[in-house]
Amino acid sequence: MSESQTRNVRQRIPVAILGSGNIGTDLMYKICRNKAFDLRLLAGIDPESEGLARARELGCRTSTDGVEAIFEEEGVQIVFEATSARAHIANAPRYKEAGIFAIDLTPAKVGPSVVPCVNGDSRFDAHNVNLISCAAQATIPIVHGVNRVANVKYAEIVATVSSRSIGPGTRQNIEEFTLTTQKALAEVGGAGRGKALVVVNPADPPLMMRNTVYTMVDGDVDEQAVTNSVLEMVKAVQKYVPGYRLTVEPFRRGDHFMIGVEVEGAGDFLPAYAGNLDIINAAAVAVAERFAATLN
């Protein structure tokens, strides 16, 4: 159990979730069982939302007033935004004015990009952090792992997710999702430049989230050092995403390494194939825990 989770119940941090789609609903289950947080509200805009119905079944307060409900809920210190890039761009200044720390699960990129096991300890002064995308959370640790022992001049990732695991908000954000992930491969992963592709696969039964990472490197490289560094990063991700694992260990072809990763979800909302939900939400919780520790 983390330091923040050892707080007694009276010290739990009041938080709210905005967005009752797939991501927000899965996140709700993770927050509800975390002893560091007191989930005060799940807010959405669709009265027929399955997420809101599930929240009510759990005894959580809900609202269909969207972001306005967040500001009406007294004492909220952290908001998790799981709506759309456009919505977060509009909401972010209001969170800042209200003194609410915003964890952005959209590709809006208002605040600095964060991957917990890469740069998760150094971004809280912004009071708004961006989790980029599920693909970024799955692949940037691998790019970073290669780059810290070899100079990665180019990184390319292909993320494949089940069509059933993404809702309308994510579909509307595919362009932003791709661009924000691409930029973060360089900004956070350390690559000279990056490229990101996402494949939304309609297969039935649904496929588990899988990611392929290509890293082009300069000069002589110690291949065993690359493998060891990547394996260390996998262990770092597994501390908050147990279903994260290599499917293809680093192997070299000419001037690049290829690595395969899959993410099995915890099944909190959708089944285990929806590892894309699991990894971005587990990252959100990890960031929130670290921010909560700074409030002590």
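A salt bridge is defined here as a Lys NZ or Arg NE, NH1 or NH2 lying under 4.0 Å from an Asp or Glu carboxylate O, and Asp268 with Arg33 meets this definition. Look at Glu176 and Arg86 and you find no salt bridge, because none of the NZ, NE, NH1 or NH2 atoms lies under 4.0 Å from a carboxylate O. Using a 4.0 Å cut-off between a side-chain N of Lys or Arg and a carboxylate O of Asp or Glu, Arg148 and Glu232 qualify as a salt bridge. Classification of Glu264 and Arg210 as a salt-bridged pair fails, no side-chain N sitting under 4.0 Å from a carboxylate O.
Side-chain N/O atoms of Asn91 and Glu81 include a donor and acceptor closer than 3.5 Å. Using modelled atom types and a 3.5 Å distance limit, the side chains of Thr215 and Arg252 yield no donor-acceptor pair. A donor and an acceptor atom, one from each side chain of Asn130 and His88, are nowhere located under 3.5 Å apart. If you check the side chains of Ser84 and Thr106, you find no donor sitting under 3.5 Å from an acceptor. With hydrogens and angles left out, the side-chain atoms of Asn211 and Thr139 include no donor and acceptor closer than 3.5 Å.
The closest side-chain heavy-atom distance from His144 to Ser229 is not below 4.5 Å. With contacts defined as side-chain heavy-atom distances shorter than 4.5 Å, the pair Glu73/Glu68 does not qualify.
To the nearest 0.5 Å, the span separating CD on Gln77 from CG on Asp38 amounts to 10.5 Å. Put simply, CD1 on Ile17 and SG on Cys60 are 8.0 Å apart, with the number rounded to the nearest 0.5 Å. Atom-to-atom distance recorded for Leu270:CG and Ser165:OG is 7.0 Å, nearest 0.5 angstrom. Rounding to the nearest 0.5 angstrom, the gap separating the CD1 atom in Ile31 from the CZ atom in Arg40 is 13.5 Å.
In this structure, Lys153 places its NZ atom where more than 12 heavy-atom neighbours from other residues, nucleotides or ligands lie under 6.0 Å away. In this structure, Leu246 places its CG atom where more than 12 heavy-atom neighbours from other residues, nucleotides or ligands lie under 6.0 Å away.
Summarising the geometry of Leu42 relative to Gly19, their closest heavy-atom pair is CD1-O, 3.5 Å, with the distance given to 0.1 Å. Nearest heavy-atom pair, Leu185 versus Ile157, reported as atom, atom and distance to 0.1 Å: CD2-CG2, 3.9 Å. Residues Ala135 and Phe177 share a closest heavy-atom pair of CB-CZ, 3.8 Å. Residues Gly192 and Ala186 share a closest heavy-atom pair of O-CB, 4.3 Å.
Applying the ring-ring contact (aromatic ring centres under 6.0 Å, His included) test to residues at least two apart or on different chains, the pairs with a partner in residues 50-86 are Phe71-Tyr95.
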(request) Could you check Glu289 against Asn34 for side chain to side chain donor-acceptor pair (under 3.5 Å), going step by step and ending with a plain yes or no? (result) CA-CA 9 Å; Glu289 287 182 340; Asn34 190 303; 2.9 Å; yes
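A perpendicular orientation is assigned to the rings of Phe101 and His127, their planes being inclined by more than 60° (bins at 30° and 60°). Note: His256 and Tyr214 have tilted aromatic rings, judged against thresholds of 30 and 60 degrees for the angle between ring planes.
With Val114 as the partner, the side chain to side chain contact (heavy atoms under 4.5 Å, CB included) test is satisfied by one option alone out of Val129, Ile140, Ile103: Val129.
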